[in-house]
Amino acid sequence: MDKTPDDQCLLVARQPIFDQHQKVVAYELLYRPDDEGTGATRLEGSAPNGEIILNIYTSISDAGAVRRVPAFVPVSRDLLLSGYFPDLPSKQVVIELEPGDEPDLDYERAALKLVKDGYRLALCNFRYSGKHDNLLRAAQIVKLDVRLFDEDQLDQQMRLMTPFKVAFLGEGIDNFDQLERCIDMGFKLYQGSFLSKPKLVQERRVSAKQFTLLQLIQELQKPATTPAKLEALIIRDPVLTFKLLRIVNSAAYALVRKVESVAQAVVLLGLEQVKKWATLISMSANKDKPEELSRVLLIRGRMCELVAITQSLPAPTSYFMAGMMSGLHAMLDIQQESMLAQVPLGEDVKTAIRGGAGTIGDVLKNVINYENGDWDRLPVDFNSAAYDWAYRASLQWAQESMQAMHED
């Protein structure tokens with residue numbers, strides 16, 4: 001069970017790193033130790049209970065199976081040269097270093113010692129210079145920000161570093177055209193906001209199957225709805241029916257006897273739970289989209305809801321829907337405004353998604369800034385302890401939810 005927030009505050013967010021199949025292979029950890037100052041301070045690895053943090057932020061449910069992926073841990077120059085480095089499991093972390101423009105013998109010695117201790121190195125904010133050949137020989141990964149180079153410059157950078165046998169990670173990839181270009185150029189790893197941007201299809205509308213699910217969500221928002229009305233909608237979709245029954249019969253609910261009818265499932269789960277599961281199932285049904293997009297939206301929705309609960313805001317389920325639906329347009333590959341015109345949502349949720357208006361919009365903006373590690377965009381009176389707790393609890397809840405989706 002989730003613990004409630006306390007006075008301890010350790011702001012950490014994770015950013016996915018993908019392979020060419022848009023499968024998560026690692027997370028970069030972003031970290032802010034306290035409420036002082038602005039700007040995203042990257043995780044220095046010096047936080048207490050590093051192993052616990054790694055477990056929370058790098059464990060994911062992938063097609064129902066729980067697995068851990070490596071964490072890219074950016075380490076500052078000061079920490080590297082301080083002579084202190086925390087005892088983190090070398091197989092679970094990749095140390096990110098930013099060498100700077102000029103070589104530094106002490107810096108190189110410290111970096112090479114990490115390699116000797118079994119750590120893998122990634123060089124970030126990097127531009128090739130022969131002065132850094134020693135670090136390049138020791139590194140496994142070089143991060144190139146695609147926003148800082150045109151295509152010819154990127155190609156030149158890669159050719160200059162090819163003799164060093166490093167894998168290239170393209171960061172700052174903001175759309176699918178950039179992703180496909182980087183794949184063609186030979187990048188092996190990818191990072192950026194491309195998942196949140198739809199690959200637009202002209203005049204595309206919500207499919208009949210998707211619309212059935214959206215009708216169900218609309219019916220769930222009606223105070224006078226009944227299990228019988230919901231069952232009539234759910235059984236139109238065999239996949240939804242099967243998954244809903246499997247979820248209610250899963251180990252997560254530990255029922256004494258099997259549930260055999262949709263109406264029974266609705267009664268046992270409750271309307272709020274059915275609303276969440278129907279939304280999740282509708283999103284995960286899109287096999288053309290990476291599982292990470294469903295995971296991000298599930299975490300965002302749950303986090304919005306938990307923040308609303310901790311702040312005693314009315315109708316916390318509306319916050320959940322705003323978070324979940326804020327990225328639905330990327331799932332459907334349509335413009336956000338077109339999605340809002342086609343999806344049956346309350347006006348307060350729509351205005352929150354559209355422009356961050358109202359109380360729901362304020363929470364949604366804060367949650368998105370938090371998950372992106374944009375600490376400087378959070379308000380001065382931001383309740384960091386509540387958001388930190390909500391984020392961690394949401395990571396766990398999303399993992400358990402996605403496991404239940406695949407349980408037999």
List in chain and number order the residues that pass salt bridge (Lys or Arg N to Asp or Glu O under 4.0 Å) with R181, two or more places apart in sequence or in another chain; answer none if no residue qualifies.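 R181: salt bridge (Lys or Arg N to Asp or Glu O under 4.0 Å) contacts with E151.
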Quick check: do [X] and [Y] have side-chain heavy atoms less than 4.5 Å from each other?
X	Y	result
K143	E96	yes
L195	V296	no
L121	V115	yes
P379	F382	yes
Y107	L80	yes
L123	I141	no
S394	L306	yes
V75	Y119	no

Indicate yes or no for a side-chain donor-acceptor contact from [X] to the backbone of [Y] under 3.5 Å, with no hydrogens or angles considered.
X	Y	answer
Q153	D150	yes
E171	D145	no
S76	L79	yes
N372	D374	no
D388	S384	no
Q178	D174	yes
K350	L340	yes
T351	D348	yes

Minimum heavy-atom separation for [X] and [Y], please, with both atom names.
X	Y	answer
G373	L30	CA-CD1, 3.9 Å
Q336	I353	OE1-O, 3.5 Å
L144	Q157	CD1-CB, 4.2 Å
Q399	V66	NE2-CG1, 3.7 Å
G361	A352	N-CB, 3.5 Å
V166	A139	CG1-O, 3.5 Å

For Y27 and F72: C-alpha separation, side-chain torsions, deciding distance, then whether ring-ring contact (aromatic ring centres under 6.0 Å, His included) applies. CA-CA 6 Å; Y27 284 106; F72 277 56; over 10 Å; no
Run the side chain to side chain contact (heavy atoms under 4.5 Å, CB included) check on R68 and Q92 step by step: do they pass? CA-CA 8 Å; R68 282 186 63 176; Q92 283 296 318; 3.7 Å; yes
Between the side chains of [X] and [Y], is a donor N or O closer than 3.5 angstrom to an acceptor N or O?
X	Y	answer
S326	R300	yes
E28	Q191	yes
E400	Q396	yes
N366	Y387	yes

Keeping to residues at least two apart or across chains, list the salt bridge (charged side-chain N to carboxylate O under 4.0 Å, His left out) pairs with something in residues 119-133. E102-K131
Please collect all salt bridge (charged side-chain N to carboxylate O under 4.0 Å, His left out) contacts where either partner lies in residues 353-367, sequence neighbours excluded, each pair once. E337-R354, D362-K365
Answer with yes or no after comparing the ring centroid distance for F176 and F194 against a 6.0 Å cut-off, counting only values under it.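 Ring centroids of F176 and F194 are less than 6.0 Å from each other.
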Any idea how W397 and F320 line up, ring-wise: parallel (<30°), tilted (30 to 60°), or perpendicular (>60°)? perpendicular
Can you tell me how the ring of Y370 sits relative to the ring of Y391, calling it parallel under 30°, perpendicular over 60° and tilted otherwise?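 The arrangement is tilted - the two ring planes meet at 30° to 60°.
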State the [atom1]-[atom2] distance between [X] and [Y], to the nearest 0.5 angstrom.
X	Y	atom1	atom2	value
L297	M324	CG	CE	6.5 Å
F164	T162	CZ	OG1	10.0 Å
I360	L313	CD1	CG	9.0 Å
L29	I56	CG	CD1	11.0 Å
L364	Y319	CG	OH	10.5 Å
M161	F168	CE	CZ	5.0 Å

Less than 6.0 angstrom from the centroid, inside 45 degrees of the normal: does R14 satisfy that with respect to the ring of Y57? no
Candidate pair F126 and H132, rule side chain to side chain contact (heavy atoms under 4.5 Å, CB included), full reasoning: CA-CA 10 Å; F126 196 74; H132 293 308; 4.0 Å; yes
Show, in sequence, the C-alpha distance, side-chain angles and deciding distance for L378 and N369, and conclude whether the side chain to side chain contact (heavy atoms under 4.5 Å, CB included) test is met. CA-CA 7 Å; L378 294 166; N369 287 332; 3.9 Å; yes
Please identify which of these residues, I60, I299, L298, meets the side-chain contact (heavy atoms from CB on, under 4.5 Å) condition with L395. I299
Step-by-step side chain to side chain contact (heavy atoms under 4.5 Å, CB included) determination, F18 to L189: CA-CA 6 Å; F18 301 90; L189 301 169; over 6 Å; no
